[in-house]
Amino acid sequence: TGGGSDSEGATDGTINLAQGTDPAHMITTDATETVSSSVLRMMYDGLFSYSNTGDLVPVLAEAVPTSTDNIHWTIKVKQGTKFQNGEAVDANAFVRAWNYGAYGPHAQGGASFFSRIKGYDDVKATEDPDGDGPNKAPDPKAKELSGLKATDASTISVELTAPFAGFPTMLGYTVFWPMADECMQKIDACKEKPIGNGPFALKEWQHDIALTIERWDAYQGNKPAYKTIKWRIFPDGAPTWTDFEANQLDIDAPPTEQYQDAKAKYGERMLEVKSPSLSYIGLPLYDPTFAKKEIRQALSLAIDRDLLNQALYQGRYTPADSFAPPGIIFGATAGTCAYCKLDVAKAKELLAKAGGWPAGKKLQLWINTAASGANEKWVKAVGDQIKQNLGIEYEYHLEEWNKILQLTQDHKIDGPFRMGWSPDYNYVENYLVPIYGGGAKVTRTGYESEAFTKAVAEADAAPNLQDSVAKYQAAERILGEDMPGIPVFFSKSATVYSDRFDPASVVVNPVMGAIDLRLVKLK
Amino acid sequence: MGRYVIRRLLQAVLTIFLALFLLHYLTSLSIQINGNPAYAFFGGQITPTQEQLRVVAERYHTDHPCLKRVGDPCLSNFMDTLGRYANGDFGQDLRFRPVSDQVVMRVPNTLRVFAINIATWAIAGIGLGMLAAVRREKFSDYLIRAGTIISGAVPTFLFVLALKYLAGVWIGGWLRDHLGDDNVLSIIFRPSWDEAHPWLTVILPGIALAVIGTAGITRLMRTSMLENIRSDHVRTAKAKGLTGGRVLLAHTLRNSLIPVVTLIGLSLGGALGGAVITEGLWNIRGVGQFVFNAVRQNDTPIVVGVVSLVVICYLLFSLLIDLLYAVLDPRIRYE
Amino acid sequence: MSDTQTIEATPPTAPVKAGPEKVRGLWSDAFHDLRKRPQVLVCSAVILLLILIAAFPSLFTGKDPRDCQLERFFGAPSADAWFGYDQYGCDYFAMTIYGARPSIVVGLLATATTFILGAVIGSIAGYFGGWVDAVISRTIDVFNSIPFVLGAILILAIWRSAGDTVWPLILALTVFGWTGGARILRGSFIEARGLDYVKAAKSLGASDSRVMFRHIFPNAMAPIVSLVPLAIGAYIEAEASLSFLGLGLKPPAVTWGSMISNNVPEVLAGHPRLLIIPALFLLSATISFALLGDAVRDALDPKLK
Amino acid sequence: MATKVQTRSNILDGLDTSRPLLEVRDLQVEFHTRDGVAKAVNGANFSVERGETLAIVGESGCGKSVTSQAIMGILETPPAKVAGGQVFFHGVDLLTLPKDTRRRTRANHVAMVFQDALSALNPVWTIGYQLGELFRKHRGMSKAEAKKKSLELLDLVKIPAAKQRIDEYPHQFSGGMRQRVMIAMALALDPDLLIADEPTTALDVTVQAQIMRLLAEIQAERQMGLILITHDLGVVADVADKISVMYAGRIVEQAGVLDIFARPAHPYTQALLRSIPRVDGKGRKLEVIEGLPPVLTRIPPGCAFAPRCHYAKPACRERVPSLEVVENGRRAACLYTAEVLAND
Amino acid sequence: MTDHNGFAAGGHGAPALEVTDLVKHFPIRQGIVFKSTVGQVKAVDGVSLTLRKGETLGVVGESGCGKSTLAKLLVGLETPTSGGISVRGEDVTRLGRSGMRRLRRNVQMVFQDPYTSLNPRMTVGDIVGEPFAIHPDVVPSGGRRKAVQDLLDVVGLNPDHINRYPHQFSGGQRQRIGIARALALKPEILICDEPVSALDVSIQGQVINLLEQLQDELGLSYIFIAHDLSVVRHIADRVAVMYLGKVVEIGTETEIYDSPMHPYTQALLSAVPVPDPTLRGHRDEITLEGDVPSPANPPSGCRFRTRCWKATDRCASEEPLLQIRHGAQHANACHFAAPRDVVHAVD
Ligand SMILES: Nc1ncnc2c1ncn2[C@@H]1O[C@H](COP(=O)(O)OP(=O)(O)OP(=O)(O)O)[C@@H](O)[C@H]1O
Ligand SMILES: Nc1ncnc2c1ncn2[C@@H]1O[C@H](COP(=O)(O)OP(=O)(O)OP(=O)(O)O)[C@@H](O)[C@H]1O
Ligand SMILES: [Mg+2]
Ligand SMILES: [Mg+2]
């Protein structure tokens, strides 16, 4: 149903959008941040996409693959589609892309996504022998993943190192998109002007100023109902909302402070979408003060997440009562965290049970400096509440983000620290394992629990996705009791679109957390 | 003359060298105290791998061991830096693009902002100063003086933000509704810069940037005018029976401008500081915005690269002016 | 020169006995002159009050600015909380009162350090001339070539995580702010070096330090003194601007600058008072200092008498 | 002479050449200062004829410059204010003229030379520009014509190599040369009256002699009226026809040059003459005038000179003596002129 | 000194101050960091003088001829390029620090401008008492206030005004303060650099009379610099006429004023107006053409030759020495010296 609009102007129209930073470069396996992935999404079709209900939908794949052992997977690729340079999009187009992304020396941001595929250890980056010294790390043993093969033009066969039932859900993610052979030959040129296979092609990229894509007329799928998208770059700190209000942008999110205002003003045109990103507080379990789980539970119980949401965010976020956002992320359920609600009496009781808070000791809150101050905001409120409800005084530590990362990694922090998490793919596992899995040495909190490790292993080994999900939920409940971290809230994006859009065509994709631009029609 | 040029050049080189060393030392200290700035590359979202960090550190030249010793002046590193500067390499930004390219791309826009800024200073500062001097001790004089004090006390960012809403959204909205989107006025009253209209959309922020400096220029202009109005040569001009306008323009204004022009020159450095905020908030692709972003991203190496370039340009520029003076005015050479 | 006439009218052979109260120096004359102007009185009163607030905040409010109860968020002004509550339910009046200290301290200390450093260096350069002057002038050039805000940014980047101390800020403002005073004093000293009263002292055999400190310095200070109040205001404002760039004082320190920059967005959320209140305090401080500076300059300028 | 005036009747109407060239009557100028009203000129009366030189002498601050500027109409208002009196130019009261007519009288009819030529010339314009400006603005000449006229003028005031120097700036001229330029500028539009306010005070004696000679020559040639303001009585003795002695804003004595030097009728004039050292050795011991001139904001009642006067009697402190004829045309403002004259 | 000063100790005492071939060249420098000399301003170029005890030596000459530079050299404010200055027979150019301090006590200076020579931020007491603070051995600290009041009394100021500031005094009174300061260390020699030229005629007399009175009372010797030849005639015993850094004629007051030998002296004197209208047109008037040449580039030979009506080729090649020539009792520096009375009426 390509371009059904009756007005010429609309089909040739331009959508003006804002982008937070200039993308580093346009390469799918490196597009782990939202900026380049949101642009590339318009230019590439992958094996799967996520539907507007969050389900996995085949695009270039024939069907959702299945596996008997959750180790060996076979993916059938639709035939007959082409890259914008005329090359065919076949199984090889995927295999070469994934091998490129996994190879350590390419230093691709998405490399770790391939770590479940067999042979990853041989292609990943090697340790530098002298740290920061002058010697370079040796090249990896292999150039390609041994577990990845294109058995013929339409078949990709994948062998994982361990069973993973959620493997197909990963395949909708940017890093699994195909790459043209020409791209491989001239990778630097391709980073500047990608060769896509989607409905749009890059028209002009003025670095740090604007990026324009235009409809690719040979596209065989659903053709977009307008011609051009122009993203103007508004670096962090340059307000965009004024430009939206001045009709210079078609889509924008109001600043938190103007959320209610915008809601009243734009009504229907404001779309609220739960976003999968989580804000939580990590606790240093290696510190004796936080060793007892009752202390951790008490701290969590002292926080009135609802009030915090009202006071700081005009009620637009979702107070967290689980470790992964339910209703967005596949396999996530509400209420897995019993201590994620305000209960001052119980908090005091638990605190007393744990022997009380060490007299005279101040709670040390660690926050990373951010120019916007957005993080400081809620952590300060949390500190205030703990002070108010449990009588524990607090102190701030502001450090640069990199220092916080280093300190938490090295377990050198003596108090709660602010963390955030955005998922890489739509699976509950992505909230549990990367944050709390891997053992006491690896986790920032120093958390390690036999029960949790076991539950995760069982979940990964589950014969099918449903069983796997159930096991992961069991693992999540273990976290809910141990409380190595305190989930605080899931954010929600509020998006307003301009009156140039046909409201019927505006649909939000929950996984992207944004309006699906491919479907938009101009009035 | 030749000797003077050589001497003045040597001096400029020395100053540049010292200024760059100062900058270098500040950066080294920053890295020594705060750790590897390579993390900044990845922002707050991503945890970089060791390999990624290494590549970034290498490109930033932050892998030097002296950067681990607090207080070490890192002289060998400084010499490397100077060598790179000599080759036109002022480092790379977060996207691995050369800072010098970035600056070259951004300089025209900053120059536009400055052009408006200077024009505002000239028109408003000199005009108001003149008016205040001519109508001294009258209502308009008091009004102008009060205005300079108040405008000089409003932080730039407040002014720019207020302008963005008042002019960009409200007035601009009205204009766009009544005159259409593409009317020149509608374009001028946009809330942010647009590369399609690089001059029109720089007018409002240029004026906003000029506000703080205008206060000083107005005041100096007033004082300078008053001094000249009382001067003997103005008395002569009156005695010659020249009209009031001519006495004012040919015999007072021109003389009063000399210190004002000097102040304008001196204020440009300060305006660059204001340009950081103004360009940042107005989304103008200028050198100031580059610094604004780098500061927000804790990206000290870029700030240093840009400031180094600015310093070199500034010093070379003043060298040029001095030489020009020497050519024009033979007395200057005998200082 | 308002006092001369009482004496000049009297022939030197028949002098009137002048009471000691009539004997005034240029400074005290300026002071007497200032005392008479309402503008000066109002400004001085404001400044005095602000300094008092900065020194003894607890005299002005019994509340703790860090006693924040979230449920009071954006609470409206009331008899109990004059300025209402901010987003975190902190008493805004208490915050404004406690926010005075770092703002005023930065203004006063940064001014003191820049002017003292600038004065010492500038007077040495101006008095001794020659290679000393050459070296110092080059140094001034070096620091001048780096725009003030950019230089301050670099220094503050070093102590980004220093928390709620004012020292890095004062250091940054000093390192890149001293050149202004130095330049002026250097000029004054060079000018004064050639004056007859300096020659007179030298011909009496006065030492360099005597000539510098007894003779030139007090006279050279006049142009600088009038700049001091202006500088105080400018530094208070600089703290606000750097706060906005995320380089000012860090929480839990409360400053007018951070109150302004943190609450800019709240204006459009319907709470303009959160911006207006600290902004008014900031403006009243900078304007008072600026007006005082103007008045001092006028009072010290014999030409305007 | 009458024809000359008529050529410029477009500027001033109703000129009556039978009346004196310039006649100042009871001129009063006040300054409004913080300390009160300063009466800088407090009733000045004098007149000048064509071809005549009037010297106004008096101590520093007695109001000489203010008087001349009031005649020219170039006082800064405020703080100055002409509080009363008339300034007749051939019978036309300049003070009542419309502003623009008044402006055009300047340089056309009455021109002025100032003391410090360096500061009186505009440092940012060339000599040629500042001279030519007069011809261009008042006579509507083209640049080239103006330059030609300017060169003629520079030749007139004997500036060597005028062709080259016309494009130089004031600071490139020596003091004497600058003063010649000032004179050239004053003479440009053929004024009927020239006021020279201490034209040679800043100059060395040898240069002073050059300048005074030049002025005298030109005056004789053009039959201008000349008001020479100075405190150098030597210069006055050399060139003046008439003298007005000023003290604290008033003319205290007025007479022909020979009379004044021979037999001053006012105690102040007498004391002034006795206090001048002379190069020809006469009057070996210097007399001093004790005390200081009064501050103009607080002029004592009665005769302003009384506190310093040897002849002063109680009556002097009660009444301001008016300028009255003493003998054949000379006038003095003193109650005891007879005594003074007797004591010479 | 040699006899070319042309004046034998006629009635006056022993030499208080002797100056021999004193030269001061100011370098014209170029450059800011690395300076190099590109020329010389020959401000004082070979001056020899003798000042005897209790006498007043007047120094006259046009602006820029080096009078003030000479004064500064004499009080040690400038160091001479060459030549000697001896005070009571002791060559002060070879003195060390302590010697210089002693010299200061003997030679003091009165400055031209009473407005800039007093520190506006110091009281009269501080100004006049400063010499005692610098030389604490002169007056014991307890007696300083008294000493200052005595000095004020000496110069005719009210001793009670000790706490006033300079701006509260008139020009003449301020000049008295400057004199009191110069007298504090009880010097024998006062160098007065145009002490009255900033003052009104009526006030000039007060200062000149004071100086004469002090000379009588304290036995001071003066070098009195002025460009006003009439004032010099009233105070000086002997007069030296300077032109472009050199003394062109020196002699007693009557010698110089009544029978000047050097054409420059004659021109200078003839240019001084006499306040006597009866002499108008009856004096021998000499009008010089042009200005004084630049001391950075003085004419060869006789420096006055460019403006001199007597100049011949000889003047350009041969520099006339300052010596007593035929037909005169005093020294002059002109090949064609001849007396000519220009001051008095000649017909
Ligand atoms: N702008 C002014 N404001 C106040 N008073 C003034 C102003 N200009 C002049 N006067 C006063 O007017 C009086 C006369 O000044 P004027 O300049 O006429 O004196 P003068 O006789 O020319 O003296 P001099 O010989 O020093 O030039 C002085 O006492 C002076 O203080
Ligand atoms: N410090 C200096 N550096 C360079 N040149 C100087 C310096 N001081 C004086 N001169 C020059 O030396 C020459 C003599 O100057 P001096 O001040 O002694 O003259 P003067 O006779 O006192 O003149 P006046 O009558 O104007 O006071 C002048 O040309 C002057 O420019
Ligand atoms: Mg005058
Ligand atoms: Mg001199």
Side-chain angles (χ1 to χ4, degrees), chain A residues 18 21-25 32-34 104-109 111-112 124-128 131-134 136-137 206-210 232-249 368-372 375 399-406 409 420 422 434 444, chain B residues 34-40 42-57 62-65 68 93-97 101-102 105-106 161 164-165 168-170 172-173 176 181 189-196 279-285 289-290 292-293 295-298:
Chain A
T21 52
D22 200 30
H25 38 65
T32 48
E33 23 72 56
T34 50
H106 290 153
Q108 292 294 289
S112 59
K124 75 169 182 201
T126 49
E127 278 293 309
D128 195 340
D132 285 353
K136 288 217 167 151
Q206 297 164 272
H207 284 298
D208 280 306
I209 295 175
R232 282 165 61 208
I233 318 288
F234 282 78
D236 164 44
T240 52
W241 184 242
T242 46
D243 283 66
F244 179 83
E245 296 222 276
N247 273 329
Q248 304 298 310
L249 292 175
N368 64 298
T369 52
S372 58
N375 300 326
E399 290 292 350
E400 278 193 63
W401 177 237
N402 63 46
K403 208 145 188 203
I404 291 266
L405 287 180
Q406 219 150 31
Q409 203 79 74
S422 294
R444 294 186 192 279
Chain B
N34 291 316
N36 194 345
Y39 278 99
F42 303 95
Q45 300 287 317
I46 297 158
T47 318
T49 64
Q50 279 298 312
E51 176 64 13
Q52 285 175 310
L53 276 182
R54 195 185 60 73
V55 173
V56 172
T62 52
D63 47 358
H64 203 280
K68 295 221 160 62
D93 73 355
L94 296 176
R95 304 284 173 244
F96 295 144
R97 297 188 192 120
D101 286 6
Q102 286 275 343
M105 180 272 270
R106 287 161 180 276
L161 283 172
K164 237 171 134 69
Y165 273 95
V169 178
W170 294 334
R176 278 180 289 272
D181 255 353
F189 282 82
R190 279 194 189 167
S192 66
W193 185 73
D194 184 347
E195 78 283 356
E279 289 185 359
L281 290 178
W282 214 273
N283 199 23
I284 300 169
R285 222 60 53 169
Q289 186 201 38
F290 198 39
F292 182 79
N293 294 337
V295 169
R296 291 178 69 93
Q297 290 158 354
N298 298 356

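Letters A, B, ... are given to chains in the order of the sequence lines, protein chains preceding strands, and every chain is numbered from 1.
- Atom CD1 of residue I233(A) and atom CD of residue E195(B) lie 9.5 Å apart, to the nearest 0.5 angstrom.
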Please walk me through it: do R106(B) and D208(A) pass side-chain contact (heavy atoms from CB on, under 4.5 Å)?
CA-CA 10 Å; R106(B) 287 161 180 276; D208(A) 280 306; 3.7 Å; yes
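- No side-chain heavy atom of P191(B) sits less than 4.5 Å from a side-chain heavy atom of E245(A).
- Rounding to the nearest 0.5 Å places CH2 of W193(B) at 10.5 Å from CZ of F234(A).
- When all heavy atoms of T242(A) and V169(B) are compared, the closest pair comes out as O-CG2, 3.7 Å.
- In this structure, chain A has a heavy atom under 4.5 Å from the side chain of Q289(B), while its backbone stays farther away.
- The distance from atom CG of D243(A) to atom NZ of K164(B), rounded to the nearest 0.5 Å, is 5.5 Å.
- Contacts of A210(A) with chain B are made by side-chain atoms alone, with heavy-atom separations under 4.5 Å and no backbone atom involved.
- Between Q248(A) atom CD and D194(B) atom CG the span is 7.0 Å, to the nearest 0.5 Å.
- A pairwise comparison of heavy atoms in A238(A) and G280(B) identifies CB-O, 3.2 Å as the closest pair.
- In this structure the side chain of L161(B) reaches within 4.5 angstrom of the side chain of P239(A), judged on heavy atoms.
- The contact between F292(B) and chain A is made entirely by side chain atoms (from C-beta outward), counting heavy-atom distances below 4.5 Å.
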